[in-house]
Amino acid sequence: MSQRCVVLIGMMGAGKSGVGRALAETLGYEFVDTDKLIEKNAGKKIRRIFEDEGEARFRELEKEAVASLKGSTGKVIATGGGAFQAQENRVVFNSIGLTVYLKASARELYARIKNDTSRPLIHTADPKAEIARLLAEREHNYESAVVVVDTEDLSVEEVVDHLIDELARRTLGDG
Ligand code: S3P
């Protein structure tokens with residue numbers, strides 16, 4: 001019986017990679033990070049892709065990486081913060097698994113990523129305002145996930161525990 005994937009969505013700083021890795025380990029699933037797939041395919045870091053080729057090209061590479069996941073089973077997938085904005089990506093994610101929005105406020109997200117230099121979209125004069133703007137723009141799509149977890153005051157371990165409980169209540173077996 002094939003195991004449906006778990007697809008983690010949400011903003012930069014939502015904890016998708018940390019939660020994803022731990023969840024995959026607990027479930028015995030493979031862990032996939034779409035940003036890492038993009039970097040592998042492009043042969044360079046996300047930051048360099050943005051610098052050299054711009055965001056539009058990055059979004060194309062992101063769509064190619066997501067399309068390569070069609071038909072996947074038994075994976076926990078951490079998606080880039082903007083990946084759920086493209087309709088074609090949402091179709092792929094919804095077809096392969098259970099979508100989970102890791103939710104947090106702009107204030108909390110900013111606190112978690114303010115010292116990070118690897119995220120080009122927040123290299124702006126006012127990163128806090130940019131996070132709030134992106135969140136407002138994207139929230140509608142994020143909220144369409146099947147499961148929404150408010151991670152505001154939770155540790156990675158607590159989010160993972162919560163998700164394990166949530167998944168136990170659902171049939172992941174043959175979806
Ligand atoms: C982006 C988020 C990043 C990465 C890229 C763009 C976004 O991924 O895909 O920098 O548009 O929010 P994380 O959400 O893993 O930081």
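One-based numbering, in listed order, for ligands and for the atoms of each.
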List of N/O pairs, ligand 1 versus protein, all under 3.5 Å?
residue, atom, partner, partner atom, Å
ligand 1, 8 (O), Asp35, OD2, 2.7
ligand 1, 9 (O), Asp35, OD1, 2.7
ligand 1, 9 (O), Asp35, OD2, 3.2
ligand 1, 11 (O), Arg59, NH2, 2.6
ligand 1, 11 (O), Gly82, N, 3.4
ligand 1, 11 (O), Arg138, NH2, 2.7
ligand 1, 12 (O), Arg138, NH1, 2.8
ligand 1, 12 (O), Arg138, NH2, 3.4
ligand 1, 14 (O), Lys16, NZ, 2.5
ligand 1, 14 (O), Gly81, N, 2.8
ligand 1, 15 (O), Asp35, OD2, 3.2
ligand 1, 16 (O), Arg119, NE, 2.7
ligand 1, 16 (O), Arg119, NH2, 3.2

Report summary line: Hits for salt bridge (charged side-chain N to carboxylate O under 4.0 Å, His left out) against Glu139, two or more places apart or cross-chain, chain-then-number order -> none
Query raised in the report: Any donor and acceptor pair, going by atom type alone, linking the side chain of Lys16 with main-chain N or O of Leu8 inside 3.5 Å?
Result: no
Query raised in the report: With respect to Glu158, which candidate in Val156, Leu154, Asp161, Val160 satisfies the side-chain contact (heavy atoms from CB on, under 4.5 Å) definition?
Result: Leu154
Ignoring hydrogens and angles, write down the donor-acceptor pairs under 3.5 Å from the side chains of residues 96-109, residues two or more places apart or on other chains.
residue, atom, partner, partner atom, Å
Thr99, OG1, Val146, N, 3.0
Lys103, NZ, Glu143, OE2, 2.6
Ser105, OG, Glu108, N, 3.2
Ser105, OG, Glu152, OE1, 3.3
Ser105, OG, Glu152, OE2, 2.7
Glu108, OE2, Arg112, NE, 2.8
Glu108, OE2, Arg112, NH2, 3.3

Query - Set of side-chain hydrogen bond (donor to acceptor under 3.5 Å, both in side chains) partners for Arg133, sequence neighbours left out - result: Glu130, Glu137
Requested in this report: Name the orientation class of the two ring planes belonging to Phe93 and Phe84 (parallel below 30°, tilted from 30 to 60°, perpendicular beyond 60°).
Outcome: parallel
